[in-house]
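The residues of the chain are indexed from 1 along the displayed sequence.
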Amino acid sequence: QVQLVESGGGSVQAGGSLRLSCADSGYTYSRGCMGWFRQAPGKQREGVASIGSDGITRYADSVKGRFTISKDNAKNILYLQMNSLKPEDTALYYCAAASFLPAWSSARLLPRNYQYWGQGTQVTVSS
């Protein structure tokens with residue numbers, strides 16, 4: 001059984017930084033893909049960043065240059081380093097894992113391609 005547990009969310013002022021972590025268990029990353037998604041009130045869930053077992057990372061345009069996704073395979077932890085945070089980054093952030101690796105990197109930011117989800121961690125950025 002795959003379990004994903006996020007941590008690291010919180011409240012920060014605009015321009016600040018946070019690092020999210022996601023500990024996974026029971027998941028085989030070697031053939032799959034992991035990602036971070038977010039959902040703000042009244043909005044659809046959107047892909048933020050992904051990292052595939054092929055090493056390819058993908059970012060939403062809105063976070064490029066500010067967010068960095070990485071994975072510590074020895075510890076089974078996925079990270080999202082978020083710098084230069086903006087109020088529009090405020091959302092519930094989810095960690096997700098896919099059993100297979102979408103061939104097209106653009107597909108790796110689509111929530112429908114992920115089978116396993118964490119409970120989410122809240123990020124609030126004030127102006």
State, yes or no, whether a side-chain contact exists between L20 and E6 at a heavy-atom distance under 4.5 Å. no
If you compare all heavy atoms of S17 against all heavy atoms of N83, which two are closest, and at what distance to 0.1 Å? OG-OD1, 2.9 Å
Does the Y114 side chain pair with the main chain of S99, one donor and one acceptor, at a distance under 3.5 Å? no
Going through the checks in order, is the side-chain contact (heavy atoms from CB on, under 4.5 Å) test met by Y94 and C22? CA-CA 9 Å; Y94 296 91; C22 172; over 6 Å; no
Within this structure, what is the CD-CD distance for the pair Q119 and Q3, rounded to the nearest 0.5 Å? 10.0 Å
Atom CG in L18, atom CG in L85: separation rounded to 0.5 Å? 5.5 Å
For F67 and Y93, take the angle between the two ring planes, folded into 0 to 90°, and tell me which bin it lands in: parallel under 30, tilted 30 to 60, perpendicular over 60. tilted
Could you tell me the separation between the CE atom of M82 and the CZ atom of R19, rounded to the nearest 0.5 Å? 11.5 Å
Heavy-atom side-chain contact between L109 and E46 under 4.5 Å: no
Side-chain heavy-atom pair R45, W117 within 4.5 angstrom cut-off: yes
Would you kindly confirm whether V12 and V48 end up in one hydrophobic cluster when ILVMFWY residues are joined by side chain heavy atoms under 4.5 Å apart? yes
Locate the shortest heavy-atom distance separating F37 from L110; write the atom from each residue and the value. CE2-C, 3.9 Å
Taking the side chain as C-beta and beyond, is there a heavy-atom pair between R108 and I56 under 4.5 Å? yes
Show the nearest heavy-atom pair for residues I51 and K71, with the distance to one decimal. CD1-N, 4.3 Å
Where the side chain of Y59 meets the backbone of I69, is there a donor-acceptor pair that is under 3.5 Å apart? yes
Kindly indicate whether the side chain of R38, heavy atoms from C-beta on, has any atom under 4.5 Å from the side chain of L80. no
Is a side-chain N or O of R31 found less than 3.5 angstrom from the main chain of S53, in a donor-acceptor match? no
In short, L4 meets D24 closest at the heavy-atom pair CD2-CB, 3.3 Å
Tell me the closest heavy-atom pair linking I77 and S21, and the distance in Å. CG2-CB, 4.1 Å
May I ask you to check whether R58 and S105 show a side-chain donor-acceptor distance below 3.5 Å? yes
Might you point out which heavy atoms bring K75 and D72 nearest each other, and give the distance in Å? N-OD1, 3.1 Å
Checking Y116 side chain against C95 main chain: does a donor-acceptor pair fall under 3.5 Å? no
Mind checking the CD-OG spacing from Q13 to S127? Nearest 0.5 Å is all I need. 9.0 Å
Hey, any chance L101 and Y29 share a hydrophobic cluster, counting ILVMFWY side chains that come within less than 4.5 Å of each other, even indirectly? no
Working to the nearest 0.5 angstrom, can you tell me the gap between T124 OG1 and D89 CG? 11.0 Å
